[in-house]
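Note sheet for the following structure.
The residues of the chain are indexed from 1 along the displayed sequence. In each ligand, atom 1 is the first atom listed, and ligand 1 is the first ligand listed. What you see below is based on every heavy atom in this structure, not just the backbone, and it leaves out hydrogens, waters and symmetry mates.
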Amino acid sequence: MLREAMEAKFVGESEGLTFWLARPQDYEEVMAISQDIYQGNDYLPHRYHIWMTERDRVAIIGRRNGKLVALDSALVVDGGQTVVLEGLRVCPSERGQGVAGVIQRVTDSYIKQVYPSVTTKRLTRRDNPGPEKLSKFTFLACRAILSLCGEAESFKDFVSGLKSKLERTEKSNGPNNNQKLFVLKDSHQLRALLLDPDLSLRLQLPGGAIIQDWQPLKPMESNLEILERRNLTWLVDSFNEKPIFMSFHTPPYPVPFSGGSLRVNIDMFGTDVSTARKALIAHLEQVLEEIHGTVVVHIYMPKTFWEDMRQFCEGDEGVKQYNDYGEQLFLEKEML
Ligand SMILES: CC(C)(COP(=O)(O)OP(=O)(O)OC[C@H]1O[C@@H](n2cnc3c(N)ncnc32)[C@H](O)[C@@H]1OP(=O)(O)O)[C@@H](O)C(=O)NCCC(=O)NCCS
């Protein structure tokens with residue numbers, strides 16, 4: 001029985017490569033092709049084993065002459081209608097020869113076989129592949145990314161600095177008494193928030209979706225369980241009992257950056273940047289006790305917030321912006 005469980009499941013063959021469902025014991029080989037991915041911000045070293053048992057997740061590896069050369073993964077979401085592509089990678093020596101296309105086609109056909117209800121494929125990516133490649137997709141949205149980096153001890157001073165800046169702005173502009181940023185306490189509140197039919201319009205959700213750490217999910221009942229699995233900390237601001245701002249952070253997780261760091265992801269939705277400033281402080285305060293060593297914080301937000309947020313975060317000795325302006329593209333394609 002155990003022996004059987006260890007055997008790889010063959011899923012197909014194409015262009016001289018064989019494809020298999022990824023197994024826990026393929027971890028080291030997957031890591032070997034993952035050096036330097038996303039400038040050390042790769043989530044896969046941390047998530048690989050979680051993916052191995054995650055419901056409705058497919059992870060496929062490609063081998064050439066037995067050697068692991070590519071990985072692709074997909075999560076079936078939106079009540080079985082959509083598949084979200086994640087984790088795509090090809091070993092450096094095989095890049096630029098179409099392998100990423102081959103493994104994606106194998107993954108698509110496997111998904112269609114196992115989940116015939118899937119009609120749409122969605123993905124987010126950082127780099128803009130240019131108009132020719134983009135034309136193969138429906139462009140849904142583009143968000144801005146602000147990235148910060150510092151030692152954990154520096155974040156206390158950084159947060160105090162942000163608070164003083166906030167007080168100064170409030171003194172000159174007058175406090176905004178309409179703002180009541182609060183932490184969502186339970187799944188009941190989360191359900192009420194996400195299933196509010198006006199949510200997408202009020203928060204200008206990108207492509208009508210919530211993008212959680214690069215994973216787009218429609219705000220619908222069947223995705224609640226997926227979001228709950230992620231242990232997010234949610235902040236909401238509402239006006240007349242209606243949400244006008246929403247953000248959440250993913251619990252800090254280890255990434256290879258700078259010899260080993262913690263990564264904190266904050267995703268923000270709404271139209272009012274003054275709430276976003278407060279939310280940033282609140283999220284960082286919540287993680288202060290948990291962080292140690294080098295910490296990278298990525299804040300994903302509407303493009304209109306970016307310059308304001310960059311200025312808000314600038315000028316600290318210990319916590320500094322790293323990377324220029326970055327974008328998160330959200331794309332969709334029909335599964336033919
Ligand atoms: C990005 C990466 C997977 C591309 O692999 P590759 O085999 O060199 O890709 P190619 O340039 O030969 O392109 C092959 C196909 O993959 C597609 N592709 C390339 N990068 C892609 C991406 N980031 N997301 C989705 N599809 C991608 C191309 O559009 C092309 O499609 P086509 O066959 O339909 O024309 C590879 O460079 C890599 O592993 N990089 C590091 C990890 C990474 O950045 N992954 C991106 C995840 S968003």
For the side chain of Ser261 and the backbone of Val296, is there at least one donor-acceptor N/O pair under 3.5 Å apart?
-> no

Looking only at non-hydrogen atoms, the one of Gln39, Arg89, Gln97, Arg95 nearest atom 41 (C) of ligand 1 is Arg95

Please work out which of the three classes, parallel, tilted or perpendicular, describes the rings of His298 and Tyr300, given edges at 30° and 60°.
-> tilted

Determine, considering heavy atoms only, which of Arg105, Glu94, Lys121, Arg125 sits nearest to atom 48 (S) of ligand 1.
-> Arg125

Take the angle between the ring planes of Tyr322 and Phe257 and call it parallel below 30°, perpendicular above 60°, tilted in between.
-> tilted

Hey, are Lys278 and Glu170 close enough for a salt bridge, meaning a charged N less than 4.0 Å from a carboxylate O?
-> yes

Which residue, Lys67, Arg64, Arg89, forms the salt bridge (charged side-chain N to carboxylate O under 4.0 Å, His left out) with Glu94?
-> Arg64

With only distance considered, is Leu85 within less than 3.5 Å of ligand 1 through an N or O on each side?
-> no

Any idea which part of Leu88 is under 4.0 Å from ligand 1, heavy-atom wise: side chain, backbone, both or neither?
-> both

If you have a sec, work out which protein heavy atom is nearest atom 42 (C) of ligand 1 and how many Å separate them, to one decimal?
-> Ile37 CD1, 3.7 Å

Starting from atom 29 (O) of ligand 1, find the nearest protein heavy-atom neighbour and note its residue, name and distance.
-> Lys133 CD, 3.1 Å

Backbone or side chain, does any N or O of Ala100 fall under 3.5 Å from an N or O of ligand 1?
-> yes

Is at least one protein non-hydrogen atom found at under 4.0 angstrom from atom 1 (C) of ligand 1?
-> no

Which class fits the ring pair Phe248 and Phe269: parallel under 30°, tilted 30 to 60°, perpendicular over 60°?
-> tilted

Donor-acceptor under 3.5 Å (Asp272 side chain, Ser274 main chain) = yes

Is there at least one protein heavy-atom neighbour under 4.0 Å from atom 25 (C) of ligand 1?
-> yes

Starting from atom 47 (C) of ligand 1, locate the nearest protein heavy atom and write down its residue, its atom name and how far away it is, to 0.1 Å.
-> Tyr38 OH, 3.3 Å

If you scan protein heavy atoms around atom 11 (O) of ligand 1, the nearest is Gly96 CA, 4.2 Å

Specify the protein heavy atom at minimum distance from atom 39 (O) of ligand 1: its residue, its atom name, and the distance to 0.1 Å.
-> Val90 N, 2.8 Å

Gly101: numbered ligand 1 atoms lying under 4.0 Å from its heavy atoms | 14 (C), 15 (C), 16 (O), 33 (O)

Lys136 heavy atoms within 4.0 Å reach ligand 1 at atoms 32 (P), 34 (O), 35 (O)

Under 4.0 Å between a Lys/Arg side-chain N and an Asp/Glu carboxylate O for Asp213 and Arg47?
-> yes

Which part of Gln104 is near ligand 1, with near meaning a heavy atom under 4.0 Å away: side chain, backbone, both or neither?
-> side chain

Check each atom of ligand 1 against the heavy atoms of Val99 and keep those under 4.0 Å away; list them by number with element.
-> 7 (O)

Ligand 1 to Leu123 polar contact by distance, N or O atoms, under 3.5 Å | no

re atom 12 (O) of ligand 1, the protein heavy-atom contact at minimum distance is Gly98 N, 2.6 Å

Between the main-chain N or O of Thr250 and the side-chain N or O of Asn265, is there a donor-acceptor pair closer than 3.5 Å?
-> no

Inspect the contact between Arg63 and Asp26 and indicate whether a charged nitrogen and a carboxylate oxygen are less than 4.0 angstrom apart.
-> yes

What orientation do Tyr43 and Trp51 show, parallel under 30°, tilted 30 to 60°, or perpendicular over 60°?
-> tilted

